[in-house]
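Below, chains carry the letters A, B, ... as their sequence lines are ordered, and counting in each starts from 1.
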Protein chains: 2
Amino acid sequence: MADRTGQPVGSGGAPPAGRRDTRARMVVAAAELFRERGYDGTGCRDVVARAHAARGAIYHHFPGGKTQIGVDAARWAGDRVAQRIEAACADAAPVDAVRAVLDLAEQILIGGGGPAGCPVAAVALSAEDTDGTLRAVANNAFDRWRTAIAGCLTSDGVAAARAARFAAMTVAAVEGAVVLCRAAGGIEPYRDVRDGILDHLDHLLGTVTPNAAP
Amino acid sequence: MADRTGQPVGSGGAPPAGRRDTRARMVVAAAELFRERGYDGTGCRDVVARAHAARGAIYHHFPGGKTQIGVDAARWAGDRVAQRIEAACADAAPVDAVRAVLDLAEQILIGGGGPAGCPVAAVALSAEDTDGTLRAVANNAFDRWRTAIAGCLTSDGVAAARAARFAAMTVAAVEGAVVLCRAAGGIEPYRDVRDGILDHLDHLLGTVTPNAAP
DNA sequence: CAAGCTCTAGGACAACTGTCCTAGAACCTG
DNA sequence: CAGGTTCTAGGACAGTTGTCCTAGAGCTTG
């Protein structure tokens, strides 16, 4: 809803739309649309419309066409989430860090008014990506997320292989919960998935947290 | 590759394609294509081409158009998987049942030559599904899968709420692993996810299986 | 003010989409 | 074989898509 400078994307009803940050607005708009409607379900015209840009801006700012928009949007969204995960994992004990990551996921991917979705997953599932350009970007993001979570656990004494498995499972479960929540039309499936992950974390760390019912 | 009667879909190079099972062939072809290219990435013409059918067959057999093809394909694929999960959960101890489910997932969703994919998830992520018809079918399938897995655990003494969380987490993790494997272009992410789930299962059941390295 | 560059604005185009339509082949029933 | 039903075959159509293009607005520098 707000781009990286913090200013609103569309300042009111019908903004003049003639500033120099068109490219950045398009990246944000594309990430939002991919989240909502998927990569194949989003047209270049949808992107420029939401970004209040002109169609000519597409090939001026993104000579690589739709693919490059996908690359940039997935990279932007993936980096943004990675930074927040890394921040959450840097200065907290594993239990709190994972809890923060799960809250982050609920806030970014599941909740937020509209239906659940993830721009990185959307780009990874693109049908036209024959050369794997888009998938590579998505893979990079997933990798960063996993690495951050795993690192948080190993620094607390969990064995590296076990931490890697937990991190992979957590990222996969969250991405899968997006699909389940889409299908269910609500947030409930995520709640179960999140609590299941926390069950596992409790066992991993050998602690028992109060709000995990038997 | 083979339809529900067991006979090959296309008996050789260019079959005469004039039998009466056109509808069933189209459902199978649609499920395959949705798995490979997603719902929005698959055209009606792709479906009839793979099913060796004529374009007129679309609205003859599916008066509801593409949406109905999606409904039938997701229902068919979802039921098929549900039956196999239920069978695996009916006659085995939880450890073996979950292991069988995970092997099933690897075989159906992740492996199989081409890229990872799931027709049910593809239908759930459709962009045009404004009235929720497609999502309802997908939700139904996910629900059956979860219920079967959870039931297997509760019948072995695991508390119902905990079993439900584990089942939700397992289904979500597998669906998410499909996305991770798409992005990675290989099966490796799934291996970690699967072993993470088995770690959790070991703890849930209080056993220690030999091939789960620390 | 003049020249030059960056960027917006939207027309044009071929390819493709879902949908509907009519013709005729194939089959079943009498 | 006649009559009717079921299904295949593909043409037609309006709408959309990604892409490329030219025209000009707006800013920056001399």
Residues from residues 122-133 of chain A lying under 4.0 Å of DNA chain C - heavy atoms: none
Close residues, residues 54-71 of chain B, relative to DNA chain C [heavy-atom separation under 4.0 Å]: B:Arg55, B:Tyr59, B:Gly65, B:Lys66
I need the full list of salt bridge (Lys or Arg N to Asp or Glu O under 4.0 Å) pairs touching [range], with sequence neighbours left out, sorted by first then second residue.
range: residues 130-143 of chain A; result: A:Asp129-A:Arg135, A:Asp143-A:Arg146
range: residues 176-187 of chain A; result: none
range: residues 102-114 of chain B; result: B:Glu106-B:Arg191, B:Glu106-B:Arg194

If I take atom [atom1] in residue [X] and atom [atom2] in nucleotide [N], what distance separates them, rounded to the nearest angstrom?
X: B:Asp21; N: D:dT6; atom1: CG; atom2: C1'; value: 14 Å
X: B:His52; N: D:dG10; atom1: NE2; atom2: P; value: 14 Å
X: B:Asp46; N: C:dA15; atom1: CG; atom2: C1'; value: 14 Å

Side chains of residues 57-69 of chain B: which donor-acceptor partners sit under 3.5 Å, not counting sequence neighbours?
residue	atom	partner	partner atom	Å
B:Lys66	NZ	B:Tyr39	O	3.1
B:Lys66	NZ	B:Thr42	O	2.9
B:Gln68	OE1	B:Gly64	N	2.7

Under the 3.5 Å Watson-Crick or G-U criterion, the dot-bracket string of DNA chain D, with | for inter-strand pairs: |..|||||||||||||||||||||||||||
Residues which pass side chain to side chain donor-acceptor pair (under 3.5 Å) with B:Arg45, listed by chain and number, not counting sequence neighbours: none
Residues forming a side chain to side chain donor-acceptor pair (under 3.5 Å) with A:Asp79, sequence neighbours excluded: A:Arg144
N/O donor-acceptor pairs under 3.5 Å from side chains in residues 110-117 of chain B, not counting sequence neighbours:
none

B:Tyr190: partners by ring pair (Phe, Tyr, Trp, His ring centres under 6.0 Å), with sequence neighbours left out: none
Heavy-atom donor-acceptor pair, B:Asp192 side chain to B:Pro189 backbone, under 3.5 Å: no
Minimum-distance nucleotide to A:Arg45 side chain [options: D:dC13, C:dC7, C:dC13]: C:dC13
Residues forming a side-chain contact (heavy atoms from CB on, under 4.5 Å) with A:Ala183, sequence neighbours excluded: B:Ala124, B:Ala138, B:Asn139, B:Phe142
